[in-house]
Amino acid sequence: SVTGQDLKDISVGKAGVWGISEQKDVYYREGTRFGPDYNAVGTEWTMVDNPKNLKMKYISSGEQKSVLAVSDEGKVYMRSGIAPNLPAGDGWTFVANNYQKVQALDGETNVFLGVNKAGNAALKYIIDLCADVTCLNGGTCNEGQCQCKTNYEGTQCQTYDPPSSGGGGW
């Protein structure tokens, strides 16, 4: 039980012990990432930061930097920012569409095995959709597309669109 909730899914790997709660939130078991401070039991469950409010239904812990999760919509996300001083990482990066389950295989080459919504198994290489995307004027890349700050638009947030004054003139 995690904070009074039963886990609906759990995965154990070198990246630690990870679970999905009944509310489809992701939890990490502190102290379980393989390394010098490794503890098979761990110390406590911590809900991972989730600024996009993604609801996950399946999780897979693989090599030391490889944690994948599948959302209700069948989107596959990889946990980003996993490091010895940040074992739960710092965010989710979209990597694929239309999967039911995935198994993280290798965090160095970013390969996973998955079952797609049609029920077929597939070996997939993870491609960073934002690797070749440049967002200007403070825009950020999300799933291969720029999300622009207020008053900016365009595929790279390159166009400034000033707010209308609404004053009615002279």
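A quick note: this is a predicted structure, and the numbers were derived from the prediction, not measured. Excluded from the calculations below are hydrogen atoms, water molecules and symmetry mates; all remaining heavy atoms, backbone and side chain alike, are included. The residues of the chain are indexed from 1 along the displayed sequence.
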**Asked** For L68 and I59, what are the C-alpha separation, side-chain angles and deciding distance, and is it a side chain to side chain contact (heavy atoms under 4.5 Å, CB included)?
**Response** CA-CA 6 Å; L68 298 172; I59 190 110; over 6 Å; no
**Prompt:** Under 3.5 Å, is there a donor-acceptor pair between the E30 and T43 side chains?
**Reply:** no
**Prompt:** Are K57 and D9 close enough for a salt bridge, meaning some N to O gap below 4.0 Å?
**Reply:** no
**Message:** Taking S61's backbone N and O only, do any of them form a donor-acceptor pair with S11's side chain (distance below 3.5 Å, no angle check)?
**Reply:** yes
**Item:** Working for side chain to side chain contact (heavy atoms under 4.5 Å, CB included), residues Y152 and T159
**Value:** CA-CA 6 Å; Y152 287 92; T159 305; over 6 Å; no
**Asked** Short question: side chain of S71, backbone of L54 - any donor-acceptor pair under 3.5 Å?
**Response** no
**Request:** Dump the intermediate steps for side chain to side chain contact (heavy atoms under 4.5 Å, CB included) on Y28 and R33, then the final yes or no.
**Result:** CA-CA 9 Å; Y28 169 72; R33 183 174 184 269; 3.4 Å; yes
**Item:** From L113 atom CG to Y99 atom OH, the distance as rounded to the nearest 0.5 Å
**Value:** 9.0 Å
**Asked** Got a donor-acceptor contact below 3.5 angstrom from the Q158 side chain to the Q156 backbone?
**Response** yes
**Asked** Would M56 end up clustered with V48 when hydrophobic side chains under 4.5 Å apart are linked, directly or stepwise?
**Response** yes
**Request:** First locate atom CG of D90, then atom CD1 of I82, and finally report the distance between them rounded to the nearest 0.5 Å.
**Result:** 9.0 Å
**Request:** Supply the atom-to-atom distance W92 CH2 to R79 CZ, rounded to the nearest 0.5 angstrom.
**Result:** 5.5 Å
**Prompt:** Taking atom NZ of K101 and atom OH of Y58, what is their separation to the nearest 0.5 Å?
**Reply:** 5.0 Å
**Item:** Inter-residue atom distance T150.OG1 - N137.CG, 0.5 Å rounding
**Value:** 12.5 Å
**Request:** Can you measure from CG (N116) to CD (Q100) and round to the nearest 0.5 angstrom?
**Result:** 7.5 Å
**Prompt:** Within 45 degrees of the axis of the six-membered ring of F94 and under 6.0 Å from its centre: does K75 put its NZ or CZ there?
**Reply:** yes
**Request:** Please determine, by modelled atom types, if Q147 and T140 share a side-chain donor-acceptor pair under 3.5 angstrom.
**Result:** no
**Asked** Taking C135 as the fixed residue, which of C141, C157, C146 is the one that meets the disulfide (SG to SG under 2.5 Å) rule?
**Response** C146
**Asked** Is any side-chain N of the basic residue among D25 and K55 closer than 4.0 Å to the acidic one's carboxylate O?
**Response** yes
**Prompt:** Nearest heavy-atom pair of A104 and S66: which atoms, and what distance?
**Reply:** CB-OG, 3.2 Å
**Prompt:** Which atom pair, heavy atoms only, marks the closest approach of G154 to C148?
**Reply:** O-SG, 3.8 Å
**Request:** Evaluate the side chain to side chain contact (heavy atoms under 4.5 Å, CB included) criterion for residues I20 and V26: first the C-alpha distance (whole Å), next the side-chain angles of each, then the deciding distance (0.1 Å), finally the verdict.
**Result:** CA-CA 5 Å; I20 307 280; V26 177; 3.7 Å; yes
**Asked** V17 and T32: which non-hydrogen atoms are nearest, and at how many Å?
**Response** N-OG1, 2.8 Å
**Message:** Here's one to test your reading of the geometry: is the NZ or CZ of R29 within 45 degrees of the ring axis of W18 and under 6.0 Å from its centre?
**Reply:** no
